[in-house]
2 protein chains.
Amino acid sequence: MSELSERKKLILSAVVEQYIKSGEPVGSKELIALTGMSVSSATVRNEMSELSSMGYLEQPHTSAGRIPSQKGYRYYVDNLMKDREIDELNRRMIEAGISSAAGDPERLIAQAGEVLAELTKCACVSTAPGGDTVIIRKIELVPVGIHSAMLVLLTSNGILKSRLCRLDCELTAKILEEFYNIVDSCIIGKPASDISVVSMQTAAASVDSDPFAMLPLMAAVCELARSMEDSRIILGGSSNLFSHKDYGVGAIELFEFLNKREPLSAVISGIKEPLDIIIGKENLYRQLENSSVIVAKYSVGGRDSGSIGLIGPTRMDYESIIPSVKYLTDIVGKMITQAIEE
Amino acid sequence: MSELSERKKLILSAVVEQYIKSGEPVGSKELIALTGMSVSSATVRNEMSELSSMGYLEQPHTSAGRIPSQKGYRYYVDNLMKDREIDELNRRMIEAGISSAAGDPERLIAQAGEVLAELTKCACVSTAPGGDTVIIRKIELVPVGIHSAMLVLLTSNGILKSRLCRLDCELTAKILEEFYNIVDSCIIGKPASDISVVSMQTAAASVDSDPFAMLPLMAAVCELARSMEDSRIILGGSSNLFSHKDYGVGAIELFEFLNKREPLSAVISGIKEPLDIIIGKENLYRQLENSSVIVAKYSVGGRDSGSIGLIGPTRMDYESIIPSVKYLTDIVGKMITQAIEE
DNA sequence: AATTAGCACTCTTGCTTTTTGAGTGCTAAA
DNA sequence: TTTAGCACTCAAAAAGCAAGAGTGCTAATT
């Protein structure tokens, strides 16, 4: 695939980088000034013309300069881009931004997303740690009055959810005991996704005392288990998209698409590589056709656990963004590993 | 102030309502068709001309119809608007939308905001219940491993926060006991806003055993108490603003303003009436100069506890929105009262 | 005194036309 | 293979034009 002449590579690379910087199509003269090549503009024009027919560049219209095509970006990302270290400044910003949330995995991921989004002016989509299966690790029910109690649920990946729940009848020691019986036998150690309303209802029904007393509690457990799943996708900094004039009014549609959450799951999760770049129409969703997605996985305790993805205009600064994403996933993985170890 | 002739009132009212509906300036002919008045367009023009010089109407340009000025809206809202009951449909939507979150005040408010925003196509800003002082009601620390525990904090207004925290040393029974001692003596019953890092540190230092063991726990308590305050402002449906062509690209600026959260606090809280309407430039913030805000308080157990506010274009449908806001604050207040009673 | 018909005037909106300028593609020479 | 030169294209900005909506004013009418 790399059958481009050195000069073509130089030109393609310069076009991509300049276009990323300025947002304007790049012309032959400008290109000479930029690269310092000692050939005439006509020569460059010939090269550009070839790059166009090969599909790496395209023209918005006849009398404009060239911009990279999707294939052009792809070639750039795969072959031309330098593999930089992260900026000192960005590193500091990341570290400062996430340190306060170190102890709590869910908040850490959320915070990390915000920081990365801020730094890159992109939207950040991430998944809370989880791997394939999230297991219920601990459930606690603390009475706070005659009729109500707080319910707390902790999973294997260190995510904690709590809510208040209210009973119709009195919360007796007996009910509490039976609740813990059910929890110990049917819930602890099970995957959160297995907790269904039906299974909880049957469990509630099997109880000695008034089964109706148990019902609201079981319903609350269900709800927390479900919210566990739902809240795995975390979106941050999506309003950054409005600052890119590339999108124009399309930013609104994209914004709304991102806020739907569900489709994002597919976008983020369907990757194999540790770091994946999806450019423009390579994306499955029409709504992302003018965007690129950079996703990286992070691993907790040596196993893939979640991923962090950035979404921004195709014309994004890949070269400086990628190192930040790499660094962030790296450090987040380490921090979570540390946070949930016994 | 009500020194307008009946005919002027009719005309002003019709202009406001029609402009709210169509978004186009209203002309003299249209006005006749609309109201069924039996006078000529010239007469109406004279009246409109007077209303203009009195400051109730204005013209986008010479050869356009009239639109209400801020003063015009104000007069309409104060004197002309009918005091409707809530639509049956809206009522149903609200009830259906919030019933699932009935038990948990914080979620209830969030959900109520979403529903109201959806219904009115405005952004909704609300404050979680709290009144003047939020008191720490219960704190629970549940060990989940040798080095970590989950911390749960409940306040008088029924808001529950939890997070995982991690100790550097082992979490012994002694530490746990000492923790509860501190909690019982220095934290329970105190306002959340009084919990400061300093006060916690001194508390931690007064302990028999290793004070450094206590530090991360106290820090976590602080953080939860602070997040209590911070999360009191809840924003919902802010992306609805993009659907109003009134704002144009200004929607983005407004959106970002709302997302800053802090200033909203002032907007929402600084009201005296049970229901307040702030129109256009009456708002303190420049960013809201093209918006109107409708805020209503809700009360829990007979005392003002929080408020729910809607933000939308000045040209919003006051007549139908106001009943919805009233109804919502009413029902939300009742539900929370029920949820937190013993 | 209030209303109305009539008319001139204004100003937006939408459309077409012109101009300008950047940048290309091609040809022919080096 | 490279380059100078030139005609050509096309978008974007500027300018011009016609139509239409709506007003304000004046003078006549009730």
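Letters go in sequence order (proteins before strands), and every chain restarts at 1. Reckoned from all heavy atoms, side chains included, excluding hydrogens, waters and symmetry mates. Source: prediction; values computed, not measured.
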Practice item. In whole angstrom, give the distance that lies between atom CE of A:M48 and atom P of C:dG23. Key: 10 Å
Exercise for review: Go through residues 10-32 of chain A and report each residue with a non-hydrogen atom lying under 4.0 Å from DNA chain D, sorted by number.
Suggested key: none
Review point. Residues two or more places apart in sequence or in another chain: which of them pass salt bridge (charged side-chain N to carboxylate O under 4.0 Å, His left out) with A:E88?
Key: A:R91, A:R92
Check your understanding: For A:E282, what residues pass the side chain to side chain donor-acceptor pair (under 3.5 Å) criterion, not counting sequence neighbours?
Key -> A:R74
Check your understanding: Which is the 5'-most and which the 3'-most nucleotide of DNA chain D that has an atom under 4.0 Å from a heavy atom of chain A?
Key -> D:dT2 to D:dA11
All N/O donor-acceptor pairs, side-chain side in residues 248-276 of chain B, below 3.5 Å, sequence neighbours left out:
unit_1 : atom_1 : unit_2 : atom_2 : d
B:E253 : OE2    : B:R286 : NH1    : 3.2
B:E253 : OE2    : B:R286 : NH2    : 3.0
B:N259 : ND2    : B:F255 : O      : 3.1
B:S269 : OG     : B:S265 : O      : 2.6

Review point. Taking only residues at least two apart or on different chains, which pairs with a member in residues 233-248 of chain A satisfy side chain to side chain donor-acceptor pair (under 3.5 Å)?
Key: A:D246-A:R315, A:Y247-A:S291
Sequence neighbours excluded and cut-off under 3.5 Å, please list the side-chain donor-acceptor pairs for residues 22-31 of chain A, or say none.
unit_1 : atom_1 : unit_2 : atom_2 : d
A:S22  : OG     : A:Q18  : O      : 3.2
A:S22  : OG     : A:E24  : N      : 3.1
A:S28  : OG     : A:R45  : NH1    : 3.4
A:E30  : OE2    : A:Q18  : NE2    : 3.2

Revision key, fill the gap. When rounded to whole Å, the CD to P distance for the pair B:E47 and C:dT4 reads 11 Å
Check your understanding: Between residues 57-67 of chain B and DNA chain D, which residues have a heavy-atom gap below 4.0 Å?
Key -> B:Q59, B:T62, B:S63, B:A64, B:G65, B:R66
Exercise for review: Examine C:dT4: is either OP1 or OP2 under 4.0 Å from a nitrogen or oxygen in the side chain of B:T43? Give yes or no.
Suggested key: yes
Point to revise | For A:K326, salt bridge (charged side-chain N to carboxylate O under 4.0 Å, His left out) partners two or more places apart | key: A:D83
Point to revise | Check: B:V39 and B:R7 side chains under 4.5 Å, non-hydrogen atoms | key: yes
**Study point:** Test salt bridge (charged side-chain N to carboxylate O under 4.0 Å, His left out) applied to B:E289 - qualifying residues, sequence neighbours left out
**Key:** none
Review point. For B:S52, which residues count as a side chain to side chain contact (heavy atoms under 4.5 Å, CB included) partner, sequence neighbours excluded?
Key: B:L57, B:R66
**Study point:** Residues which pass salt bridge (charged side-chain N to carboxylate O under 4.0 Å, His left out) with B:E319, listed by chain and number, not counting sequence neighbours
**Key:** B:R84
